[in-house]
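The block underneath contains the structure these notes are about, expressed in structure tokens.
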Amino acid sequence: MTDSAIALSTAPTQPEEAVSTAVREGLAAQPKRLPPWLFYDEAGSRLFEQITELPEYYLTRTERGLLTAHAGEMMARASGGQRLRLVELGAGSADKTRLLLAAAVKLQGSVLYEPLDVSSSALAEAKARIEREIPGVRVAPRVMDYAQGLDGLEPDASGERRLVLYIGSSIGNFEPHQAEQLLQRLHAGLEPGDGLLLGVDLTKNEATLLAAYNDAAGVTAAFNRNVLIRLNRELDANFDPEAFAHRAVWNGAESRIEMHLESRVAQRVRLAALDLEVDFAAGETIHTENSYKYAPGAPQAMLAEAGFTPVGTWTDARGWFAVCLGKAE
Ligand code: AVJ
């Protein structure tokens, strides 16, 4: 091995620019904050998968129940008799998506699935697994950030209708005005007859909401603190994760669950890669996530506001979660 090869292989990896910028801004803000997308490094993605299986975390289970019961009807209504292709925003592990893909194959024999994600490794895994497990599905992954809309998608020359899947209540991480803007951008990238299938968590009794984000096994607490472990690794920081308490609270005025990390003591943390020192007072918090919960009827109103005609809503018997279909005009 040459000297330069050794130098290259041992050089500290550059922190990703988006991470540095978000952390620098967020920890300088008052109150301090970090964006929720920082949760999803490899360990965080695994912890999130564990969250989805917790007894208290009703979201995934409830949405999966809706898709299990109604995927056929959802696909039929979206197709309106024409062939569909499915585009998924932030596909991740694409676990619940299989129910929709299987329904599309049943309806039309085969289907093209275009998962969009910023992680090329997650996409490659999803492609291999889905093509192996659901015959009739062809997967065409796109590495892209959908936050700015669907501009990266080439126009569809096949004559198929696009159905955009935005499930999992991911939209709940956005401020309502940002959510509205995202739906408008999606609408602008679609043709008349195309659709959007949106999964949204609904308002419900406070105890149920609080339990879902304060699970007894402490997985959500570990998920929240994992962001500090990520900063230790990627920004050469010296956070003591156990010196921060997990807090999840219901903010009724804003209709959202908030997650925070609360400094148990007065402490100074150094982030060497940013050449930054940050002081925390005892009890001071870092706001790490908002998870908005929508009132019944609000998802359909939001779709309509963005230019979609709401043509179907599926909810569970308790009214805890909604999957809504909007059609672009
Ligand atoms: C992936 C944004 C839907 O808000 O419930 C789970 C993330 N945070 N537990 C949610 C999350 C804490 C989740 N979303």
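Numbering of ligands and ligand atoms starts at 1, following listing order.
- Atom 11 (C) of ligand 1 has its closest protein heavy atom at Glu289 OE1, 3.6 Å.
- Under a 4.0 Å criterion applied to the non-hydrogen atoms of Phe223, ligand 1 contributes the atoms 8 (N), 12 (C).
- Residue-ligand proximity, Tyr40 to ligand 1, at heavy-atom distances under 4.0 Å covers atoms 1 (C), 7 (C).
- Here Leu271 contributes atom CG and Leu276 contributes atom CG; the two are 5.5 Å apart, rounded to the nearest 0.5 Å.
- Taking the six-membered ring where the residue is Trp, the centroids of Tyr166 and Tyr146 are separated by under 6.0 Å.
- For ligand 1, the atoms closer than 4.0 angstrom to any heavy atom of Ser169 are 3 (C).
- Nearest-residue assignment for atom 13 (C) of ligand 1 (options Tyr57, Tyr213, Trp37; heavy-atom criterion): Tyr57.
- Between the side chains of Gln108 and Ser79, no donor N or O sits under 3.5 Å from an acceptor N or O.
- Not less than 6.0 angstrom separates the ring centroid of Phe39 from the ring centroid of Phe48.
- Nearest residue to atom 2 (C) of ligand 1 from Leu47, Asn173, Ile167, Leu54 is Asn173 (criterion: closest heavy atom).
- Within the listing of ligand 1, atoms 3 (C) sit less than 4.0 angstrom from a heavy atom of Gly168.
- To the nearest 0.5 Å, atoms NE2 (His70) and CG (Leu100) are separated by 12.0 Å.
- Near Ser291, the atoms of ligand 1 lying under 4.0 angstrom from a non-hydrogen atom of the residue are 4 (O), 5 (O), 10 (C).
- A heavy-atom separation below 4.0 Å is not found between Phe39 and ligand 1.
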